[in-house]
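Inspection log for the structure reproduced underneath, given as structure tokens.
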Amino acid sequence: MIRSALLLALLSAIPFSHAAPDLSTVAERSQFQKTGRYDEVIALCSAFQKAYPKQVRCIEFGRTPEGRPMQALVVTRTGALTAQAAAARALPVVLVQGGIHAGEIDGKDAGFLALREVLENRAAPGALDKQVLLFVPVFNVDGHERFKQWNRPNQRGPVEMGWRTTGQNFNLNRDYAKADSIEMQAMLALVNAWDPLVYVDLHVTNGAKFEHDISIQVEPVHSADVEFRKTGLALRSGVLADIARQGSLPQPFYMSFAEEDNPASGFADGVSDPRFSTGYFPLRNRIAVLVETHAWKDYPTRVRITRNSVVSVLEQVAQHGKVWQTAARDADARAARLGGTELPLTYKATDKVRMIDFRGYAYARTQSDVSGALMTRYDETKPQIWTVPLRDEIVPDLMANAPKAGYIVPAAHAAMVARKLGQHGIAYRTLGAAQAKADVETFRAEKVTFAPGSLESHQRVTLQGAWKAEPRALEKGALFVPVAQAKARLVIALFEPAAPDSLLQWGMFNTAFERKEYMEDYVAEEVAREMMAADPALAAAFKAKVDSDPAFAKNPDARLEFFAKRHTSYDERLNLYPVLRTAVAP
């Protein structure tokens, strides 16, 4: 008895820190009515590593503008807890990211729940033997800590949540291509290091009231490498089937009406631009999965179906990951041969319509005495089948011809562009010597249109014009960005003037389209007379223009500009896009 008492006393003296860590979340302990603050993520990241030291590593991959750590959990039973080890063993990597819009926080709580169950082999048994999971519980950390009730008034739970945008008011799901934010730059560095085969982006959708609880959108299915689309479709089909068996009512398209607030207008599928995750990763020949739970489902329901989706992706990759890796590498090889070919920059749904049955609720559309607009009101006590149009035939829209060799960035812009290329892991080289005359193509804008306002801190710009052969001098320090690389589609998306998320369209070359040198009018008047006296043909052309164009004839500025453009003092670089294309590597 004395020995037993002594043993009990010794055991009770062991520090509590040796007890098994609590891996449950605030969400679970509150029956999914609440979600925790970011300090919970920090604590759980450490606790999972402590509980599973051979299977989990907690890492910091960046710091936010407000100084908070951006944390991720590396999870596998293969022992490959570093990017180098995963690459050496050719293991498929799945990156699951929650809280890019931190008010839509289902992914954080669902991810921790799925992670614990997978580690316990209660979900996706054996899946961690065949892959590496990177779990980022909260991408938008500063936005997460802008925490209060009603941050998302069109969402049922949790009681309090974070904010859509970052501390600097960036929307991270508009930042993949331009990579302005510190958070996105950290995420892309993580992606470059680990090269995930599948990137899972967890959201909560806005929208109307209906019974469907989740959409699963995957690319490539409609876009990018045609052969690799088979892989995206296989993953999408597998996840849709898995979660449907678990009671969900999933759809493979974004469930936003073709006409806002009008259920009868139905839906149109599409392909996102590269500013979005599902538009960006196919350009790297990798798979992006967009999970959108329905905001009007309660938080316990949304977390459950998000958890089911994450587990399904892990199961699918465990079963097919090696084959899909091969398909991705084959797409890399094909991308490196895109030089000189035509390819899409954007996609669109055709006018082809098919009618679908969609599970909604009875509704009425009446004039509002508040807004004065026609408003839709739903009766959630009366489920109703809507027969509505769906446009889901997706075809290429805007096309471009890729240069045979690549793009050349003049030395004046090389530092800025090199930073962007480095953020995306795109290969380039710096020219070590000048070249007096190179056979290249230039793009001179015939019309420049600046957006009237700011978008994501930029004034966007669009050009009308075309590439034309024009010999140019190349300076030492210019960059050559070859198309012959695996990320060729991304290279083209960043440099083609018409591409919707090109560096040009995001306003990063706006000074090229701003006139900085002028003649005073009295000087231009004298110059015009001198030029006409010296060149009778020019005088005749001016007279013909005045006689045939009344608007020109009445516009003093246009008349003087006629001569200014033909004078040697005119800035020949004005409206010249400061990126060149070449058919031959310099």
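Being a predicted model, the structure only gives us computed values, none of them experimental.
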- Item | Under 3.5 Å donor-acceptor, S237 side chain and A234 backbone | no

- Quick one: list whatever passes side-chain contact (heavy atoms from CB on, under 4.5 Å) with K447, sequence neighbours left out. T449, Q464

- Could you list the residues that satisfy salt bridge (charged side-chain N to carboxylate O under 4.0 Å, His left out) with D273, not counting sequence neighbours? R275

- Taking the six-membered ring of F170, is the NZ or CZ of R174 close enough (under 6.0 Å from the centre) and on axis enough (within 45°)? no

- Task: Give a yes or no on whether the backbone of Q423 and the side-chain of N192 come within a donor-acceptor separation of less than 3.5 Å.
- Result: yes

- Return the set of residues passing side-chain contact (heavy atoms from CB on, under 4.5 Å) with T430 (not counting sequence neighbours), or none when no residue passes. Y428, L479

- Which pairs, with at least one residue in residues 409-438 and sequence neighbours excluded, count as a salt bridge (Lys or Arg N to Asp or Glu O under 4.0 Å)? D180-K420

- Query: Is there a donor-acceptor pair closer than 3.5 Å between any side-chain N or O of E227 and the backbone N or O of K230?
  - Reply: no

- Task: Give every residue pair that meets the side chain to side chain donor-acceptor pair (under 3.5 Å) criterion with at least one member in residues 393-403, sequence neighbours excluded.
- Result: T350-E393

- Residues that T326 engages under side-chain contact (heavy atoms from CB on, under 4.5 Å), provided they are two or more places apart: D330

- Does a sphere of radius 6.0 Å around NZ in K516 hold more than 12 heavy atoms from other residues, nucleotides or ligands, not counting ones at 6.0 Å or beyond? yes

- Could you walk me through whether Y254 and T205 pass the side chain to side chain donor-acceptor pair (under 3.5 Å) check? CA-CA 8 Å; Y254 192 80; T205 189; 3.2 Å; yes

- Please name all residues satisfying ring pair (Phe, Tyr, Trp, His ring centres under 6.0 Å) with F495, sequence neighbours left out, ordered by chain then number. Y407

- Message: Within the supplied structure, the quantity of interest is the number of heavy atoms (other residues, nucleotides, ligands) at a distance under 6.0 Å from E514 CD; does it exceed 12?
- Response: yes

- Any sub-3.5 Å donor-acceptor pair from S223's side-chain atoms to P220's backbone N or O? no

- Message: Tell me whether Y518 contacts the main-chain N or O of R515 through its side chain, where contact means a donor paired with an acceptor under 3.5 Å.
- Response: yes

- Task: Start with the C-alpha distance between T64 and D142, add both sets of side-chain angles, then the distance that settles side chain to side chain donor-acceptor pair (under 3.5 Å), and finish with yes or no.
- Result: CA-CA 7 Å; T64 71; D142 291 343; 2.7 Å; yes

- Message: In the structure I gave you, are the side-chain heavy atoms of V93 and Q131 within less than 4.5 Å of one another anywhere?
- Response: no

- Check: E104 and R164 side chains under 4.5 Å, non-hydrogen atoms: yes

- Can you name the residues that form a ring pair (Phe, Tyr, Trp, His ring centres under 6.0 Å) with H458, not counting sequence neighbours? W506

- Note on the structure: Applying side-chain contact (heavy atoms from CB on, under 4.5 Å) to Q459 and not counting sequence neighbours gives F450, N510

- Message: Can you confirm whether the side chains of R284 and Y280 place a donor and an acceptor under 3.5 Å from each other?
- Response: yes

- Item | For R286, all residues meeting salt bridge (charged side-chain N to carboxylate O under 4.0 Å, His left out), sequence neighbours excluded | D195, D332

- Query: What pairs with E517 under salt bridge (charged side-chain N to carboxylate O under 4.0 Å, His left out), at least two apart in sequence or on another chain?
  - Reply: none

- Set of residues satisfying salt bridge (charged side-chain N to carboxylate O under 4.0 Å, His left out) with respect to E530, sequence neighbours excluded: none

- Message: Nearest 0.5 Å, please: how far is CG in D201 from CD in E292?
- Response: 8.0 Å

- Fit a plane to each ring of Y199 and F281, take the angle between them on a 0 to 90° scale, and name the class: parallel (under 30°), tilted (30 to 60°) or perpendicular (over 60°). parallel

- Hey, does the side chain of D439 reach the backbone of P471 with a donor-acceptor pair shorter than 3.5 angstrom? no

- Go through the steps to decide whether E219 and R236 satisfy the test salt bridge (Lys or Arg N to Asp or Glu O under 4.0 Å), and finish with yes or no. CA-CA 9 Å; E219 287 297 335; R236 189 184 76 175; over 6 Å; no

- So does E342 have more than 12 non-hydrogen atoms from other groups sitting under 6.0 Å from CD? yes

- Task: In sequence, state the C-alpha distance, the side-chain angles, and the governing distance for R63 and E66, and then conclude on salt bridge (Lys or Arg N to Asp or Glu O under 4.0 Å).
- Result: CA-CA 8 Å; R63 285 265 163 173; E66 294 180 357; over 6 Å; no

- Assess whether atom NZ of K322 is packed by more than 12 heavy atoms of other residues, nucleotides or ligands within 6.0 Å. yes

